[in-house]
Amino acid sequence: MTTRDLVPEADTGLPPFARRVLRVVGIIPAGRVMTYGDIAEYLEEGGPRQVGAVMSRHGDAVPWWRVVNAGGELPSHLRGEASLHYDQEGTPYDKSRERVNLRLARWGGR
DNA sequence: AGCTTGACCGACC
DNA sequence: TGGTCGGCCAAGC
């Protein structure tokens with residue numbers, strides 16, 4: 001018998017860590033980004049790889065283009081669509097290198 | 001109780 | 001500018 005058995009509406013089906021990650025992604029302001037490592041540090045749980053694993057499986061539910069690696073990049077299959085969002089949001093983005101300018105766009109949670 | 005799998009990261013060459 | 005390496009740790013089996 002678990003909490004989920006007793007209170008199904010309190011559980012989206014996602015593990016607690018995944019839910020925490022997605023909640024943080026949801027508060028990143030338009031035009032800014034956080035890195036995988038930033039999010040793990042903000043949560044004081046897990047690490048960059050765990051955050052990446054959550055984004056890989058559940059990222060489509062949130063503004064996934066606002067989460068990039070420590071080099072300001074996303075996996076190649078997502079770069080095209082991400083750049084459209086960066087245009088709309090005015091995110092500092094180096095088009096030739098296909099990466100966000102972290103110095104200008106990185107957001108720390110404030 | 002292991003073992004494997006990652007949208008990772010930093011140090012190093 | 002690339003490549004390798006070790007460390008990282010939640011989740012699923």
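Small disclaimer: the values here were computed from a predicted structure and weren't measured. Naming convention: chains lettered A, B, ... in sequence-line order (proteins, then strands); numbering from 1 in each chain.
A:Y36 comes within 4.0 angstrom of a base, heavy atoms only. Backbone-only engagement by A:R97 is indicated by non-hydrogen atom pairs under 4.0 Å involving sugar-phosphate atoms exclusively.
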**OP:** With side chain to side chain contact (heavy atoms under 4.5 Å, CB included) as the test, would you mind laying out the steps for A:L14 and A:V54 before giving the verdict?
**Re:** CA-CA 10 Å; A:L14 298 183; A:V54 170; over 6 Å; no
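Screening residues 63-76 of chain A for side-chain hydrogen bond (donor to acceptor under 3.5 Å, both in side chains) gives A:W65-A:E89, A:R66-A:E89 as the qualifying pairs, with residues at least two apart or on separate chains.
Across B:dC12 and C:dC8, the matching P atoms stand 16 Å from one another, rounded to whole Å.
For A:F17, the CZ atom sits in a packed shell: over 12 heavy atoms of surrounding residues, nucleotides or ligands are nearer than 6.0 Å. Residue A:E45 qualifies as enclosed at atom CD: its count of foreign heavy atoms under 6.0 Å is above 12.
Panel note: side chain A:R106, backbone A:M34; no donor-acceptor pair is recorded below 3.5 Å.
Here B:dA7 presents its P atom at 18 Å from CD1 of A:I28, a figure rounded to the nearest Å. The distance between atom CZ of A:R20 and atom P of C:dC9, rounded to the nearest whole Å, is 15 Å. Taking atom CD on A:E98 and atom C1' on B:dA7, their separation rounds to 15 Å, with Å as the unit. Taking atom CG of A:L102 as the reference point, atom P of B:dG10 lies 11 Å away to the nearest angstrom. Between the CG atom of A:L74 and the P atom of B:dC9 there is a distance of 11 Å, rounded to whole Å. When rounded to the nearest whole Å, the span between CD of A:E73 and P of B:dA7 equals 15 Å. Taking atom CZ of residue A:F17 and atom C1' of nucleotide C:dC9, one finds them 9 Å apart after rounding to whole Å.
Nucleotide B:dC8 is matched to C:dG7 when pairs are restricted to Watson-Crick or G-U wobble geometry with both distances under 3.5 angstrom.
Evaluation of the salt bridge (Lys or Arg N to Asp or Glu O under 4.0 Å) rule for A:R57 yields no partner, not counting sequence neighbours.
Residue A:R57 has no polar side-chain atom (N or O) positioned under 4.0 Å from OP1 or OP2 of B:dT5.
Shown are A:V100, A:V33, A:N101, A:D87; of these, the side-chain contact (heavy atoms from CB on, under 4.5 Å) with A:Y93 is made only by A:V100.
If you check residues 41-50 of chain A against DNA chain B, the residues with a heavy atom closer than 4.0 Å are A:P48, A:R49, A:Q50, listed by number.
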